[in-house]
Protein chains: 2
Amino acid sequence: MPMKERPAMAPKVPETLERILEEAQQLAQERGFNGFSYADIAATLKITKASLHYHFATKAELGRALVARYTARFQAALEALDGTPANILRRYVKLYEDVLVRDRMCLCGMFAAEYSTLPAPMRNELRRFFDKNEAWLVRHLEEGRAAGALQYEGSSLEMARMLTAGLEGAMLLARSFEEPERFTATAERLLADLGVPRPRKRSIGSG
Amino acid sequence: MPMKERPAMAPKVPETLERILEEAQQLAQERGFNGFSYADIAATLKITKASLHYHFATKAELGRALVARYTARFQAALEALDGTPANILRRYVKLYEDVLVRDRMCLCGMFAAEYSTLPAPMRNELRRFFDKNEAWLVRHLEEGRAAGALQYEGSSLEMARMLTAGLEGAMLLARSFEEPERFTATAERLLADLGVPRPRKRSIGSG
DNA sequence: GTCTATAACGAGATAGAC
DNA sequence: GTCTATCTCGTTATAGAC
């Protein structure tokens with residue numbers, strides 16, 4: 001079927017669709033699902049609201065797509081993490097930190113707060129995100145403990161959930177005080193409880 | 001000034017004002033500040049939106065009053081907690097749990113998620129809540145550690161912030177899965193890290 | 001795939017009678 | 001202190017031309 005073929009290097013995803021999702025995600029992470037509108041996206045992208053509805057008929061549909069995309073990307077980022085168990089966890093925390101320093105919340109932490117107002121398809125997609133996150137964490141916690149690189153007692157599932165709760169909560173609070181360092185401090189505490197040593201204090205200008 | 005006196009037992013706060021705040025708080029804890037409207041409150045209380053505006057000219061003003069009231073009540077509840085250091089912390093956690101089992105978020109945890117969309121007076125009031133909460137926690141953590149009833153290393157301030165982050169985050173996640181037990185499990189982990197022993201497993205019907 | 005135009009509704013808020 | 005009536009604006013969504 002040669003009629004449908006494109007040059008091998010061409011982007012697969014329609015450009016507009018991608019830009020919509022990108023902008024919508026930023027708005028959602030900054031202001032929440034109920035805190036932005038089609039008009040906001042349209043203004044930034046300089047297209048009309050009607051065009052947006054062509055790509056995503058309803059806002060619920062857009063929201064579901066946002067969570068699905070976020071989950072896929074996050075999952076890919078997780079699978080790309082490597083190093084010692086301690087370093088993997090450090091890099092895991094860094095993923096959250098990178099979001100926070102751009103003045104954003106974790107998309108799914110934000111949506112979790114709005115849970116009771118979300119359409120059902122978004123709720124389901126949201127739980128999938130946390131389930132996958134949790135599964136990845138449990139796996140690496142257990143491997144780390146088995147290897148003697150991590151120290152903690154009891155259920156790895158509970159530990160994974162405490163980590164997620166602690167990190168999402170710390171993001172929430174750091175944002176309310178506009179002090180990203182609050183997140184870092186709490187994250188270090190959580191890691192320390194797993195036996196991941198704190199980094200040596202960074203001396204000024206030593207990069 | 002006898003003209004202004006009322007019978008000693010009469011309620012001080014106008015009844016309607018109180019009912020508005022009560023209903024608004026419930027709505028805010030369930031759906032967030034951006035998730036309810038004057039129309040919602042009016043419908044439940046069977047008064048008109050115009051009447052609501054008489055008591056709270058703007059929604060921002062209502063929101064600020066909600067946080068101030070919540071802070072005062074929470075503070076009073078904290079000061080009323082007593083017992084051993086371990087039991088005080090257990091009862092502290094129970095305060096959160098009591099909110100969650102009524103399908104609500106902590107009002108201020110909810111507002112923290114919406115922080116970037118909140119009017120400035122609400123933001124300030126919100127930080128006051130967390131500051132007071134933190135001060136109370138630090139005080140009791142330090143007393144407990146000094147008395148040998150709690151065990152943890154390092155900064156009490158950091159520990160207080162980790163506790164708050166963990167509890168708020170755990171509420172968020174428990175709500176998204178509609179499984180309050182998730183909150184309890186994470187809370188127990190956090191307490192265990194402080195040296196507060198887990199309760200013996202409750203046997204069925206021995207309540 | 002993007003547009004203009006508009007529908008249909010709900011939001012926060014105000015004026016002024018009672 | 002509560003009401004009716006109304007205003008203005010923003011929201012999601014649709015119809016139909018290009």
Side-chain angles (χ1 to χ4, degrees), chain A residues 4 6 10-28 30-67 110-111 114 116-123, chain B residues 4 6 10-28 30-67 110-111 114 116-123:
Chain A
K4 284 250 171 185
R6 276 179 282 91
K12 278 191 301 251
V13 179
E15 207 199 317
T16 304
L17 204 77
E18 191 57 30
R19 290 177 58 212
I20 293 171
L21 287 168
E22 198 61 37
E23 177 63 17
Q25 181 181 322
Q26 176 173 341
L27 286 165
E30 284 173 359
R31 311 170 48 86
F33 188 68
N34 298 323
F36 76 94
S37 74
Y38 271 35
D40 296 323
I41 306 172
T44 305
L45 301 190
K46 290 185 192 142
I47 57 174
T48 60
K49 290 186 288 170
S51 293
L52 286 180
H53 278 286
Y54 167 81
H55 295 282
F56 298 97
T58 67
K59 199 185 174 190
E61 208 179 296
L62 169 60
R64 202 209 51 78
L66 282 178
V67 181
M110 188 64 103
F111 287 179
E114 297 175 290
S116 73
T117 70
L118 299 181
M122 279 186 71
R123 293 186 179 186
Chain B
K4 284 251 170 183
R6 274 179 284 88
K12 278 188 304 242
V13 180
E15 207 199 318
T16 305
L17 205 77
E18 191 56 32
R19 291 176 57 212
I20 293 170
L21 287 166
E22 198 61 37
E23 177 63 16
Q25 182 181 320
Q26 175 174 342
L27 286 165
E30 286 173 0
R31 310 170 49 85
F33 187 68
N34 298 323
F36 76 93
S37 73
Y38 271 35
D40 296 324
I41 306 173
T44 305
L45 302 190
K46 289 182 192 147
I47 58 176
T48 60
K49 286 190 290 170
S51 293
L52 286 180
H53 279 286
Y54 168 80
H55 294 283
F56 298 97
T58 66
K59 198 186 176 189
E61 208 180 295
L62 169 61
R64 203 209 51 80
L66 282 178
V67 181
M110 189 64 103
F111 286 179
E114 297 175 291
S116 73
T117 70
L118 299 181
M122 280 187 71
R123 293 186 179 186

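Every chain is numbered from 1, with letters handed out A, B, ... down the list of sequences.
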Are the side chain of B/Y38 and the backbone N or O of B/A50 linked by a donor-acceptor pair below 3.5 Å?
->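 Absent.
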
For [N] and [X] - does any side-chain N or O of the residue sit under 4.0 Å from the phosphate oxygens OP1/OP2?
{"X": "A/H55", "N": "C/dT2", "result": "yes"}
{"X": "A/S51", "N": "C/dG1", "result": "no"}
{"X": "A/S37", "N": "D/dT11", "result": "yes"}
{"X": "A/Y54", "N": "C/dG1", "result": "yes"}
{"X": "B/T16", "N": "D/dT2", "result": "yes"}

[X] [atom1] - [N] [atom2] separation (whole Å):
{"X": "B/L27", "N": "C/dA11", "atom1": "CG", "atom2": "C1'", "answer": "15 Å"}
{"X": "B/K49", "N": "D/dC7", "atom1": "NZ", "atom2": "P", "answer": "14 Å"}
{"X": "B/I20", "N": "D/dG1", "atom1": "CD1", "atom2": "P", "answer": "10 Å"}
{"X": "A/D40", "N": "D/dT11", "atom1": "CG", "atom2": "C1'", "answer": "11 Å"}
{"X": "A/E61", "N": "D/dT12", "atom1": "CD", "atom2": "C1'", "answer": "13 Å"}
{"X": "B/L52", "N": "D/dC3", "atom1": "CG", "atom2": "P", "answer": "9 Å"}
{"X": "A/H53", "N": "D/dT12", "atom1": "NE2", "atom2": "C1'", "answer": "5 Å"}
{"X": "A/K46", "N": "C/dT4", "atom1": "NZ", "atom2": "C1'", "answer": "20 Å"}

Distance-minimising heavy-atom pair for [X] and [Y]:
{"X": "B/R123", "Y": "B/T117", "answer": "NH2-N, 4.5 Å"}
{"X": "A/K49", "Y": "A/A42", "answer": "N-CB, 3.9 Å"}
{"X": "A/N34", "Y": "A/K59", "answer": "CA-NZ, 4.3 Å"}

Out of [options], which has the shortest distance to the side chain of [X]?
{"X": "B/Y38", "options": "C/dA13, C/dA11, D/dC3", "result": "C/dA13"}
{"X": "A/T58", "options": "D/dA13, D/dT2, C/dA13", "result": "D/dA13"}
{"X": "A/A50", "options": "C/dA11, C/dT4, D/dT11", "result": "C/dT4"}

Base, sugar-phosphate, or nothing for A/F56, non-hydrogen atoms under 4.0 angstrom?
->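 Nothing, no nucleic acid heavy atom in range.
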
With a non-hydrogen cut-off below 4.0 angstrom, is A/T48 in contact with a base, only sugar-phosphate, or nothing?
->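 The answer is base, as A/T48 lies within the cut-off (heavy atoms under 4.0 Å) of a base atom.
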
For a side chain to side chain contact (heavy atoms under 4.5 Å, CB included) with A/F56, tell me which candidate from A/I20, A/I41, A/L66 qualifies.
->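 Exactly one pass, corresponding to A/I20.
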
